[in-house]
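Working notes, structure below.
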2 protein chains.
Amino acid sequence: MEKKQRQLPDSCGLGPALAVIGGKWKALLLWQIHQAQPCRFGELKRLQPEISEKMLIQHLREMEADGIIHREVFHQVPPRVEYSVTPEGAELDLALAPLAEWGKKHQERTEKAKAGAARAARTAAEGAARG
Amino acid sequence: MEKKQRQLPDSCGLGPALAVIGGKWKALLLWQIHQAQPCRFGELKRLQPEISEKMLIQHLREMEADGIIHREVFHQVPPRVEYSVTPEGAELDLALAPLAEWGKKHQERTEKAKAGAARAARTAAEGAARG
DNA sequence: TAGGTACCTTACTTTTTTGTCTGTACTTGC
DNA sequence: GCAAGTACAGACAAAAAAGTAAGGTACCTA
């Protein structure tokens with residue numbers, strides 16, 4: 001364990017929660033494992049080709065240590081490892097749903113605002129050209 | 001704006017949400033502003049002496065840019081600035097509640113597990129001493 | 001002229017997180 | 001022998017986030 005996680009200040013439980021799900025790919029991984037359960041290391045790699053092997057395994061190990069996913073090794077050749085979410089992980093996934101909802105809404109608002117700003121800029125430019 | 005935020009992969013809206021609340025102190029700040037609304041810069045500083053002025057203002061500005069808090073300047077001497085949460089920020093706070101709940105539960109479980117492990121270790125040591 | 005308050009800004013350093021690359025152990029197939 | 005496939009491990013470097021320290025404004029008091 002070479003982990004010295006960034007100390008998050010605790011505001012009513014949010015600190016620990018963000019410590020668990022805060023990594024760059026963790027939420028995505030939890031969600032994907034929850035969908036495709038049980039799934040293998042290579043499967044996750046294929047599902048998310050952007051993530052490097054090192055980060056994938058690092059996040060998987062941390063999530064396992066945090067008790068939100070389960071890792072099962074089958075002593076075969078070639079090796080086979082399956083990941084699944086624990087009940088605790090499933091709860092976390094559920095708790096994450098409202099946040100995801102908010103994120104989606106926020107994204108839409110942001111895009112609309114950007115489009116609006118672009119339109120306003122265009123209109124202003126036209127006005128300036130006429131004036 | 002000198003911001004080049006860490007690009008979070010989008011898993012169904014969680015990416016944008018974590019981008020907004022992911023900073024070390026942001027959740028705490030949102031929560032505190034929501035409690036003590038409206039509150040001044042110096043007030044926040046006193047409420048959370050751990051956070052440096054730089055991070056405080058940086059996070060406040062980012063949260064303002066993300067539209068979750070509102071900043072109002074009163075041109076007085078000495079200067080007076082008040083922060084409050086926007087409706088969007090209030091929604092986010094609400095969406096964060098289940099996550100905070102989970103975090104609290106997770107923390108309790110973790111502590112219990114640690115205590116259990118310590119107890120087991122003690123018992124094992126006693127057993128070994130007897131054996 | 002110096003010091004105090006409130007709210008920042010900037011330059012610079014440290015810490016943390018993420019990414020790249022190489023290597024392991026084993027088997028199958030050519 | 002060599003490549004390919006599986007599931008990793010570890011060294012090192014780049015990038016991002018956070019922290020430190022100092023200064024700046026604008027006005028007031030002594």
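What's counted below: heavy atoms across the whole structure, side chains too, no hydrogens, waters or symmetry copies. First the proteins, then the strands, lettered A, B, ... as listed; each starts at 1. Fair warning: this is a prediction, and the values are worked out from it, not measured in the lab.
- Inter-residue side-chain proximity for B/Leu94 and A/Pro98 is flagged as unmet; no heavy-atom pair is nearer than 4.5 Å.
- In this structure, CG of A/Leu56 is placed 12 Å from P of D/dA9, rounded to the nearest angstrom.
- Residue pairs meeting the ring pair (Phe, Tyr, Trp, His ring centres under 6.0 Å) criterion with at least one partner in residues 29-51 of chain B, sequence neighbours excluded, do not occur; the list is empty.
- Residues B/Arg109 and B/Glu111 are not paired through a salt bridge, judged by the lack of any N-O separation under 4.0 Å between the basic side chain and the carboxylate.
- Rounded to an integer number of Å, the gap from B/Gln58 CD to D/dT20 C1' is 13 Å.
- In this structure, B/Glu101 pairs ionically with B/Lys104, as a charged nitrogen and a carboxylate oxygen lie closer than 4.0 Å.
- Comment: A/Glu91 engages B/Lys105 in a salt bridge, judged by a side-chain N to carboxylate O separation of less than 4.0 angstrom.
- Rounded to an integer number of Å, the gap from A/Lys54 NZ to C/dT24 C1' is 18 Å.
- Distance, A/Lys26 NZ to C/dT17 P: 9 Å, rounded to whole Å.
- If you take CE of B/Met55 and P of C/dT14, they are 18 Å apart, rounded to a whole angstrom.
- Distances shown here put a side-chain N or O of A/Lys24 below 4.0 Å from the OP1 or OP2 atom of C/dG19.
- Toward the 5' end of DNA chain C, the nearer of the two residues A/Glu50 and B/Val73, judged by each one's closest nucleotide, is B/Val73.
- Ion pairing of A/Glu72 with A/Arg80 is absent here, as no side-chain N (NZ or NE/NH1/NH2) approaches a carboxylate O to less than 4.0 Å.
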Could you go through nucleotides 3-7 of chain C and list every protein N or O atom that sits under 3.5 Å from one of its N or O atoms, giving the distance for each pair?
residue	atom	partner	partner atom	Å
C/dA6	O3'	B/Arg40	NH2	3.3
C/dA6	O3'	B/Pro79	O	3.1
C/dC7	OP1	B/Arg40	NE	3.4
C/dC7	OP1	B/Arg40	NH2	3.3
C/dC7	OP1	B/Val81	N	3.3
C/dC7	OP2	B/Gly42	N	2.9

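- Following rounding to the nearest Å, A/Leu44 (CG) and D/dT6 (P) show an atom-to-atom distance of 13 Å.
- Nearest to the side-chain atoms of A/His59 among the listed nucleotides C/dT18, C/dT20, D/dA18 stands C/dT18.
- Taking atom CH2 of residue B/Trp25 and atom C1' of nucleotide D/dG19, one finds them 10 Å apart after rounding to whole Å.
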